[in-house]
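Below you'll find the structure, written out as structure tokens, and then a few comments.
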Amino acid sequence: MLLAPVLGEPPREVAARLADELGGLLGDDLERVEVAGPGFLNLVLTDAWHQAALRSVLEAGERFGAGGVEHPERILIEFVSANPTGPLVAASGRHAAYGDALARILEHHGHAVDREYYFNDAGNQIRLLGQSVQARARGEDVPEGGYQGDYVAELAAAIPGAADADVDELARSAVDLLWARIKATLERYGVRFDEFFSERTLHSGSPSALDRALAVLEQSGHVYRSEGALWLRTTDFGDDKDRVVVRSNGQPTYLAADIAYMQNKRERGFERQMVPVGSDHAAYVREMKAAMAALGGDPDTVDMPLLQFVHLVAGGAVFAMSKRRGDFVMLDDLIDAIGVDATRFFMLRSSHDRTIELDVELARKQSRENPVYYVQYAHARIASMLRRLSEERVAAALAADWEGVSLEALERDLIKKLLAFPGEVAEAAGRRAPHRITGYALELAQDFTAFYEHCRVVGVTPEAVESFRVALSAAAQRTIALALGLLGVSSPDSM
RNA sequence: GCCCCCGUAGCUCAGCUGGAUAGAGCGACGGCCUUCUAAGCCGUGGGUCGCAGGUUCGAGUCCUGCCGGGGGCGCCA
């Protein structure tokens, strides 16, 4: 249809000529070719071609869909990065699932990925935590802007002598307890980090990493002094206003520390840094990209997807998640309610730029009809089916040549769906879109189930047909496991 | 006021660089277990893809404006 105006011929005639050419090029693989609709070409490939394709899927094994990237990069993905001033909340579950799945996808695609959790356990926020815990221990209200959640009272009760302890020491004890809890939550959630990076290290030494980053900015002429503060001229790089990096009282802002951290990542040799952040940090993305340019780097190597919020709903009523009252829903509570697999699957079902409406009551009550169980069920079914055969029989089926087996339409569909996996991985990696894999897993499970309902596998005759169907089922099982694995969701052998 | 994201079935959401009759799950209705897991399958019903223009042979997809929802516009993080 694109060629038609160029050649000055009707689209269907161009299509007919292309059909002839393709018929010659594809040779024996082509069963038939037809011109359809306004000028589409439908190529129907032979059973033998589909069988060869299945063979290639099986031969790829665990590496199916892997290593497709054209230009592998060293990537650092920093995510969650919640300060140890409270337990992880439900929204952190989205960040954790997203960052972790993205890391797995990028790795499978062929990149070298490091995962890092950045945190600040010094300064104002920590001191405020200590003051809040102490206030609770004394039965008083927490100070202005302090931490309100129930966990603060729990900390007060858990730390002996909290009412009279030194505030800084108390804060350290509270942080220790919170770290233990955060790390336990991440572990049960299946999220692993290569490093927990402390902001404090950016301030230590002389010159400190922060000093050196500011020196680079000064040298490149992108900072200036005004009203006693040091400003970064981010407007040179498309920001709508300049930003303070050192306050008039001499204290660096969080932005200065983040710039130093960004520079540190470059110095460690990462070609790309990915930092998924909450959508309330939208302005911050512009600042960081501007800062990267001011440092002499390429702003396009800073990738900061904006994750929209998670709204927890219970039976239609919105959970009020007020920061002031501190009545957040903790990630642990959400996992307790609906499980790790369902939580991750729900968090990864939608595009990151969409708000998630998660009905906890529904997810819990109807957990058995949850889409994640549908996919897992397909996997468990195959496992159960293959258990009926000996390992030798399965191995022989995979190696058989399936001679003369003619394919059902559903079998061709399933093979085509399997073949789509590498493209989906590439798509998910390129667009930073783990939810593509979620959708793919669902579609694959559906195609397998349709095949399963229609085509008897174990015990079907002749034996070559059984062999072929066993091989097809095994390939579907592995690919479902691979896809779920990229999401950090388990693939049970029985349910 | 300015900037960013979103608006698709009753609900929750997919829909890849513009392509054929817009899909899935849940909910509703009707069928299907003496055969590999019924956590399943088949069927029915359900849509002005927020609205209005524009570009194109072709628009849910691209452009402009408007409406609605969320977020941002700190010497807080």
Side-chain angles (χ1 to χ4, degrees), chain A residues 1-2 4-5 10-11 36-40 42 81-83 85 120 123-125 145 199 226-231 239-241 243-258 277-286 305-309 311 313 316 346 349-359 362-363 365-389 420 423-424 426-428 430-431 433 435-436 438-440 442-443 445-446 449-450 452-460 466 469-470 473 492 494-495:
Chain A
M1 285 176 277
L2 292 172
F40 293 102
N42 287 330
S81 296
N83 285 337
T85 52
N120 176 11
N124 268 347
Q125 300 303 314
E199 180 192 329
S226 173
E227 304 164 57
L230 190 67
W231 297 69
D239 201 1
D240 50 3
K241 62 202 292 186
R243 310 285 171 173
V244 171
V245 284
V246 180
R247 302 182 181 95
S248 48
N249 66 8
Q251 290 298 308
T253 60
Y254 76 94
L255 177 62
D258 285 351
V277 295
S279 59
D280 51 337
H281 288 60
Y284 173 76
V285 175
R286 272 195 300 277
L306 293 176
L307 304 201
Q308 293 294 323
F309 295 168
H311 290 159
V313 176
F346 265 105
R349 208 166 47 131
S350 306
S351 172
H352 65 82
D353 55 16
R354 238 183 120 116
T355 306
I356 290 177
E357 302 285 334
L358 177 49
D359 191 323
L362 207 76
K365 191 163 56 186
Q366 305 181 338
S367 62
R368 308 212 149 195
E369 288 150 36
N370 204 299
V372 65
Y373 296 109
Y374 180 88
V375 180
Q376 291 180 322
Y377 186 63
H379 183 273
R381 254 183 170 171
I382 301 170
S384 166
M385 190 172 76
L386 296 183
R387 274 196 297 272
R388 297 179 156 261
L389 301 168
E424 292 290 344
E427 183 76 21
R431 289 175 53 200
H435 78 285
R436 300 282 311 190
T438 315
Y440 174 77
L442 224 27
E443 287 174 11
Q446 252 157 12
T449 305
Y452 174 88
E453 294 287 342
H454 187 258
C455 300
R456 176 81 199 179
V457 178
V458 175
V460 75
E466 185 189 65
R469 289 181 180 172
V470 165
S473 299
S494 64
M495 290 174 74

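Quick note on labels: first sequence line is chain A, next is B, and so on, each numbered from 1.
Residues Gln125(A) and Asn120(A) are not in side-chain contact: their nearest non-hydrogen atoms beyond the backbone lie 4.5 Å or more apart. For the pair Ile356(A)/Arg349(A), no side-chain contact is recorded, criterion being any heavy-atom separation below 4.5 Å from C-beta on. Residues Leu306(A) and Val277(A) are in side-chain contact: their nearest non-hydrogen atoms beyond the backbone lie under 4.5 Å apart. Looking at heavy atoms from C-beta onward, Phe346(A) lies out of side-chain contact with Val372(A) at the 4.5 angstrom threshold. With a 4.5 Å cut-off on side-chain heavy atoms, Arg381(A) and Tyr377(A) count as touching. Residues Thr253(A) and Arg243(A) fail the side-chain proximity criterion, which asks for heavy atoms closer than 4.5 Å.
Rounded to whole Å, the separation between the C1' atoms of C6(B) and U61(B) comes to 15 Å. Nucleotides A38(B) and G31(B) have their C1' atoms positioned 14 Å apart, rounded to a whole Å. Taking the C1' atom of each, G46(B) and C29(B) are spaced 12 Å apart, rounded to whole Å. Of the C1' atoms belonging to G25(B) and C67(B), the separation is 30 Å, rounded to the nearest Å. As rounded to the nearest Å, G58(B) and A22(B) have C1' atoms that lie 15 Å from one another. Comparing U56(B) with G70(B), their P atoms sit 38 Å apart, to the nearest whole Å. Here, G15(B) and C33(B) have their C1' atoms 35 Å apart, quoted to the whole Å. Between C66(B) and C57(B), the distance separating the two P atoms is 29 Å to the nearest Å.
Of the candidate nucleotides C13(B), G15(B), A77(B), G15(B) has the atom lying nearest to any side-chain atom of His435(A). When each of C75(B), A77(B), A20(B) is scored by its nearest atom to the side-chain atoms of Asn42(A), the top-ranked nucleotide is A20(B). Residue Pro371(A) places its side chain closer to G25(B) than to any other of C16(B), G25(B), U12(B).
Between Thr355(A) and Gln308(A), the closest heavy-atom pair is N-CB, 3.6 Å. Smallest separation of non-hydrogen atoms from His352(A) and Pro305(A): CE1-CB, 4.0 Å. Contact record, Arg247(A) with Pro252(A): NH1-O, 3.1 Å, taken as the closest heavy-atom pair. When every heavy atom of Tyr374(A) is checked against every heavy atom of Ala445(A), the shortest pair comes out as CE2-CB, 3.7 Å. The two atoms that bring Val244(A) and Val246(A) nearest to each other are CG1-O, 3.5 Å, heavy atoms only. Smallest separation of non-hydrogen atoms from Pro371(A) and Leu442(A): O-CD1, 3.8 Å.
Rounded to an integer number of Å, the gap from Glu357(A) CD to C5(B) P is 20 Å. Here G69(B) presents its P atom at 22 Å from CD1 of Ile356(A), a figure rounded to the nearest Å. Here A14(B) presents its P atom at 14 Å from CD of Glu427(A), a figure rounded to the nearest Å. Taking atom NE2 on His352(A) and atom C1' on C13(B), their separation rounds to 16 Å, with Å as the unit. Put simply, CG on Asn249(A) is 13 Å from C1' on C76(B), counting in whole angstrom units. Residue Leu255(A) contributes atom CG, which lies 11 Å from atom P of C75(B) at whole-angstrom precision. Rounded to whole Å, the distance from CG on Asp353(A) to P on U61(B) is 16 Å. At whole-Å resolution of the value, CG in Asp359(A) and C1' in G25(B) are 14 Å apart.
Nearer the 5' end of RNA chain B, as judged by each residue's closest nucleotide, is the contact made by Glu424(A), out of Asn83(A) and Glu424(A).
For Arg247(A), a side-chain nitrogen or oxygen approaches OP1 or OP2 of C76(B) to under 4.0 Å. The phosphate of A24(B) has neither OP1 nor OP2 within less than 4.0 Å of any side-chain N or O from Arg349(A). Within the 4.0 Å cut-off from OP1 or OP2 of G15(B), at least one side-chain nitrogen or oxygen of Arg436(A) is found.
Under the 90° criterion around 0 for the glycosidic angle, C16(B) counts as anti.
Below the 3.5 angstrom threshold, one finds a donor paired with an acceptor across the side chain of Ser248(A) and the base of C75(B).
With the 3.5 Å cutoff on both pairing distances, Watson-Crick and G-U pairs in RNA chain B assemble into runs of at least 3 at B:1-7 with B:67-73, B:10-13 with B:23-26, B:28-32 with B:40-44, B:50-54 with B:62-66.
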Interface polar pairs with nucleotides 70-72 of chain B, N/O, under 3.5 angstrom:
from   : atom 1 : to        : atom 2 : distance (Å)
G71(B) : O2'    : Ser279(A) : O      : 2.9

(request) Classify every nucleotide of nucleotides 37-44 of chain B by which part a protein heavy atom approaches to under 4.0 Å, writing B for the base, S for the sugar-phosphate alone and - for neither, in 5'-to-3' order. (result) BSBSS---
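When heavy atoms are screened at a 4.0 angstrom cut-off, Arg431(A) is found touching the sugar-phosphate backbone but no base atom. Among the atoms of the strands shown, none is found under 4.0 Å from any heavy atom of Asp239(A).
Phe40(A) qualifies as a stacking partner of the A20(B) base, centre to centre under 5.5 Å and near-parallel within 30°.
Within 6.0 Å of the CG atom in Asp353(A), the count of heavy atoms belonging to other residues, nucleotides or ligands exceeds 12.
With hydrogens and angles left out, the side-chain atoms of Tyr284(A) and Asp258(A) include a donor and acceptor closer than 3.5 Å.
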